[in-house]
**Student:** 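My questions all concern the structure below.
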Amino acid sequence: PTRQDAENNTNEITDATAYLATFGTNVYAKVINSGNCSSIAEIEVRRLEANTINQPVISFCDSQYQGAGVETLDLTSVQAQILQQVPNATFIYYTTEADADANVNPISNPTSYAYTLGSTVYVRVVDPAGCSSIKSIDFELRELEVSLGDVFSICDGNVPLRATTNIQGEALTYKWFFNGNEVADATTDVYNVTVPGTYSVEVTSASGCAGTSEIVIAEGVGATISEVIINETTVTVVATSDAMPLQYSLDGTNWQDSN
């Protein structure tokens, strides 16, 4: 353990693979070649600090196709987040903090883990130097919110009904229903309403989130035009009805809110 020991060939460390070292001390190794020439190398024992990492996040939707409160998730999806902070790290996942601390009972299949809502999963992050950090994974349950806007009435014409969602930057698929029956070939975010009835839409995201919205469109009542104001470049129609707000059209096909 000392240079003098190395020079005198005394007090040799018997098990160099499991030596109990004290941080801040030095250990000496005597290197002897085939010609019996020797040199002494000094080894400094330093303590490396564990890496500081942000809490990783997994966002997911409550799938309607699995058991209540259980979702199959890919835990390794957090690795891209952590590798930005700890390059070339390796990862091990655990169901309890005690297992993570003791490095026992790792999750055997982290790419297809049956996660129970409300439970906690821990990840051990090991850097190339062998230092470990343990962090719990934050699970965020997302919901796909769908809206068909405000209720309105229709007499005749063609009024676009648009489905809006709270999800951005992800591919969405649409199914439209009229009075409970699926409408063939209605697969975009807009459906043109021509008759009163109950309309609903089912929206599914590429990541498996699903949401629905329904609206009842009543048969409209007539409007009374009280005045038509004509200026040099504009025509303004003043109308009232028991069903407000009104929409206006010049050709009976293209409708607008402005009068």
Side-chain angles (χ1 to χ4, degrees), residues 57-66 68-69 71-73 77 81 117 138-259:
V57 178
I58 294 179
S59 297
F60 66 98
C61 296
D62 189 5
S63 173
Q64 59 181 313
Y65 304 108
Q66 300 192 28
E71 296 295 327
T72 299
L73 302 177
S77 63
Q81 305 170 38
L117 299 183
D138 182 18
F139 293 93
E140 292 184 347
L141 177 61
R142 294 191 301 165
E143 294 184 1
L144 197 161
E145 299 174 2
V146 184
S147 173
L148 291 177
D150 297 329
V151 174
F152 62 92
S153 302
I154 186 173
C155 294
D156 54 23
N158 190 325
V159 181
L161 184 61
R162 183 179 299 275
T164 60
T165 74
N166 62 328
I167 291 184
Q168 304 294 327
E170 188 173 351
L172 302 173
T173 59
Y174 301 84
K175 287 184 180 180
W176 288 90
F177 300 83
F178 174 62
N179 290 339
N181 300 311
E182 184 175 351
V183 181
D185 300 324
T187 57
T188 67
D189 62 329
V190 177
Y191 182 76
N192 291 319
V193 174
T194 58
V195 295
T198 301
Y199 293 83
S200 61
V201 63
E202 179 183 296
V203 185
T204 305
S205 72
S207 60
C209 293
T212 61
S213 183
E214 181 179 281
I215 189 172
V216 178
I217 299 175
E219 184 174 0
V221 296
T224 300
I225 299 175
S226 59
E227 186 178 6
V228 177
I229 303 172
I230 302 176
N231 293 322
E232 292 183 359
T233 58
T234 62
V235 176
T236 302
V237 177
V238 180
T240 58
S241 173
D242 291 337
M244 299 292 286
L246 298 173
Q247 286 195 319
Y248 304 83
S249 174
L250 293 174
D251 56 13
T253 300
N254 300 297
W255 294 82
Q256 63 187 42
D257 295 329
S258 172
N259 63 336

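Everything numeric here is computed off the predicted structure, so don't read it as measured data. For this chain, numbers begin at 1 and follow the sequence in order.
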**Student:** Show the nearest heavy-atom pair for residues Phe178 and Val195, with the distance to one decimal.
**Tutor:** CZ-CG2, 3.9 Å
**Student:** Can you tell me if CD on Gln81 sees more than 12 non-hydrogen neighbours from other groups inside 6.0 Å?
**Tutor:** yes
**Student:** How about Leu117 and Phe60: do any of their side-chain heavy atoms sit closer than 4.5 Å?
**Tutor:** yes
**Student:** How long is the straight-line distance from NZ of Lys175 back to OG1 of Thr204, given to the nearest 0.5 Å?
**Tutor:** 7.0 Å
**Student:** Between Val146 and Ala163, what is the shortest heavy-atom contact and its length?
**Tutor:** CG1-CB, 4.4 Å
**Student:** State whether the number of non-hydrogen atoms from other residues, nucleotides or ligands found under 6.0 Å of Glu143 atom CD is greater than 12.
**Tutor:** no
**Student:** Tyr174 and Val203: which non-hydrogen atoms are nearest, and at how many Å?
**Tutor:** CD2-CG2, 3.7 Å
**Student:** Measuring from atom CG of Leu144 to atom OG of Ser213, what distance do you get when rounded to the nearest 0.5 angstrom?
**Tutor:** 11.0 Å
**Student:** Report the residues that fulfil ring pair (Phe, Tyr, Trp, His ring centres under 6.0 Å) with Phe139, sequence neighbours left out, ordered by chain and then residue number.
**Tutor:** Tyr115
**Student:** If you look at every heavy atom in Asn254 and Ser249, which pair is closest and at what distance?
**Tutor:** O-OG, 2.8 Å
**Student:** Would you indicate whether the side-chain heavy atoms of Leu148 and Leu161 approach each other to under 4.5 Å?
**Tutor:** yes
**Student:** Can you tell me how far the CD atom of Glu145 sits from the SG atom of Cys209, to the nearest 0.5 Å?
**Tutor:** 11.0 Å
**Student:** Answer whether the closest heavy-atom distance between the side chains of Asp257 and Gln247 falls below 4.5 Å.
**Tutor:** yes
**Student:** Does Ile229 CD1 have over 12 foreign heavy atoms under 6.0 Å away?
**Tutor:** yes
**Student:** How long is the straight-line distance from CG of Asn158 back to CG of Asn192, given to the nearest 0.5 Å?
**Tutor:** 4.0 Å
**Student:** Check whether any side-chain heavy atom of Val216 sits under 4.5 Å from a side-chain heavy atom of Val151, and report yes or no.
**Tutor:** no
**Student:** Considering non-hydrogen atoms only, spot the tightest contact between Gln168 and Thr165 and give its length.
**Tutor:** NE2-O, 3.9 Å
**Student:** Is the count of non-hydrogen atoms from other residues, nucleotides or ligands lying under 6.0 Å from Asp251 atom CG greater than 12?
**Tutor:** yes
**Student:** Atom CG in Leu141, atom CD in Glu71: separation rounded to 0.5 Å?
**Tutor:** 7.5 Å
**Student:** For the atom pair CH2 (Trp176) and CG (Asp189), what is the distance rounded to the nearest 0.5 Å?
**Tutor:** 8.0 Å
**Student:** Restricting to non-hydrogen atoms, name the atom on Tyr191 and the atom on Ala186 that form the minimum distance, rounded to 0.1 Å.
**Tutor:** CD1-CB, 3.9 Å
**Student:** Ser59 vs Glu140, test: side chain to side chain donor-acceptor pair (under 3.5 Å). Steps then yes/no.
**Tutor:** CA-CA 5 Å; Ser59 297; Glu140 292 184 347; 3.2 Å; yes
